[in-house]
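Some notes on the structure that comes next.
Order of appearance sets the numbers: ligands from 1, and atoms from 1 within every ligand.
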Amino acid sequence: MAINAPRGTKDITSSDSYKWNYVENKFKELCKLYGYEEIRTPIFENTELFQRGVGDTTDIVQKEMYTFTDRGERNLTLKPEGTAGVVRAFIEHKMFADAQPTKLFYITPCFRYERPQSGRQRQFHQFGVEAIGSDSPSLDAEAISLAMQFLNELGLKDLSVSINSVGCPVCREPYNKLLKEYLESKSDLLCDLCNERREKNPMRVIDCKVETCQENIKDIPLIADHLCPDCQEHFDNLKKYLDEMEIKYTVDKKIVRGLDYYKRTAFEIISNDLGAQSTVCGGGRYDGLVEQIGGPKGYSGVGFAIGAERLLLTLEANDIEIENDNKIDIYVVTIGELAKTKSFSILKELRENHISADKDHLDRSLKAQFKYANKIKSKYTVVIGDDEINNDEVNLKNMEDSQQKTIKLSQLVDELKSLL
Ligand code: ATP
Ligand code: MG
């Protein structure tokens, strides 16, 4: 019996990997433009990091984590998201002692035990940024601007930015009281999980995916209507900065985001034509997180994550094609043993000059070698046999327009350099 990839995972084969390279490089380029540097953190972390950093009452921690015990009885979890690991590294490497803010980006696989469907996998990938060390809405605005420029430069135009403020502990205290009273009056109509969350973290209820819950809490009080003066000012400034950059947004008071550590800004970027899984980017501010996982007080952060699979689906849905530039520059066709051996030094020289080249490895006939060169979309071919080697003369063929040219074999590299 053949063994397949685990449920919810996907191979990224050569028919797609060039697209991944393209979007990853574009993301790196944009991050650099905005002054963000790359960070790579481990694929697994101590489970406690996510319990504390993502939050005990979130869907991720309650239902979706890949947790296991290793041979040394350590409790570990495959990272379900990128922020907690980055913040752990920020603390562990005492980045807080450097000049702030610390602006980092990452590209990482993430793991969540979810029901697989289009745009929802068990291993998926996130592109993210984190700017830590300032609570100014200036970084919130910058993060949104970075994400939008990235998505726009990929060719996406039909995007909506939704923003909200989820307040801070000061405004949440009276608000949570109000919310708990409201939810208590609805307890008969809520799902079990919501009833559980009602006490511990009532705002989570707003994010519940159960339809009946959503229907029954249509008039639920929303934090954005109960912000303290500081949070209100923060939110107003964010809007001002976005206006200045002419980034259009709508305020969506129902965005609470799935993670516990969000404070103040929460935002989503939605592509308007992907159907069910339309959120390409989710982000926000996490003013308590550094402290929450054992770091010093006073280091807040803001960031976003873009789901790479959903991004690629969105590009496809918008008919945005990414060119595969992995075409080989030249395919060296050989006739006979002498040429077969000679082709090794020819290929070595071509490749040392960074001209991509390939040759026959299956002892194919002349015709079959040409057929193969066509199949791999080689830009040029050259035929080498005994005569060609002895006379130092070869035919260089442009495979696109079938034009041929006689050149010196010893001049092949220079000739190609001028053509490519
Ligand atoms: P959703 O509501 O769709 O479950 P989420 O709130 O769990 O999303 P985040 O935790 O904010 O998502 O993750 C950021 C981004 O990562 C999402 O906007 C989405 O693009 C992507 N993402 C999240 N979960 C998955 C998954 N299981 N498979 C593929 N992409 C995902
Ligand atoms: Mg989710």
Just jot down the ligand 1 atoms closer than 4.0 angstrom to any heavy atom of [X], in number order.
{"X": "Gly119", "answer": "28 (N), 29 (C), 30 (N)"}
{"X": "Glu114", "answer": "24 (N), 25 (C), 26 (C), 27 (N)"}
{"X": "Gln126", "answer": "13 (O), 14 (C), 15 (C), 16 (O)"}
{"X": "Arg112", "answer": "5 (P), 7 (O), 9 (P), 10 (O), 12 (O), 13 (O), 23 (C), 24 (N)"}

Legend entry - Sequence neighbours excluded - ring pair (Phe, Tyr, Trp, His ring centres under 6.0 Å) pairs with any residue from residues 141-162: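 Ring pair (Phe, Tyr, Trp, His ring centres under 6.0 Å) check on residues 141-162 returns Phe27-Phe150.
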Legend entry - Qualifying ring pair (Phe, Tyr, Trp, His ring centres under 6.0 Å) pairs, either residue in residues 192-221, two or more places apart: none
Legend entry - Neighbour count >12 (heavy atoms, 6.0 Å) for atom CZ, Arg364: yes
Inset, instruction - Step through the shown structure and confirm whether more than 12 heavy atoms of other residues, nucleotides or ligands are within 6.0 Å of NZ on Lys254. - result: yes
Legend entry - Contact partition for Val280 relative to ligand 1, non-hydrogen atoms under 4.0 Å: backbone
Legend entry - Side chain, backbone, both or neither: Lys209 near ligand 1, heavy atoms under 4.0 Å: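 Only the side chain of Lys209 comes within reach of ligand 1.
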Inset, instruction - Check Pro80 against Met65 and note the closest heavy-atom contact, atom names and distance. - result: CG-SD, 4.1 Å
Inset, instruction - Report yes or no: does a heavy atom of Glu309 sit under 4.0 Å from some atom of ligand 1? - result: no
Legend entry - Flag side-chain contact, heavy atom, 4.5 Å: Leu104 against Met95: yes
Inset, instruction - Compute the shortest N/O to N/O distance between Gln121 and ligand 1 and return yes if it is under 3.5 Å, no if not. - result: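 Checking ligand 1 against Gln121, an N or O pair does fall under 3.5 Å apart.
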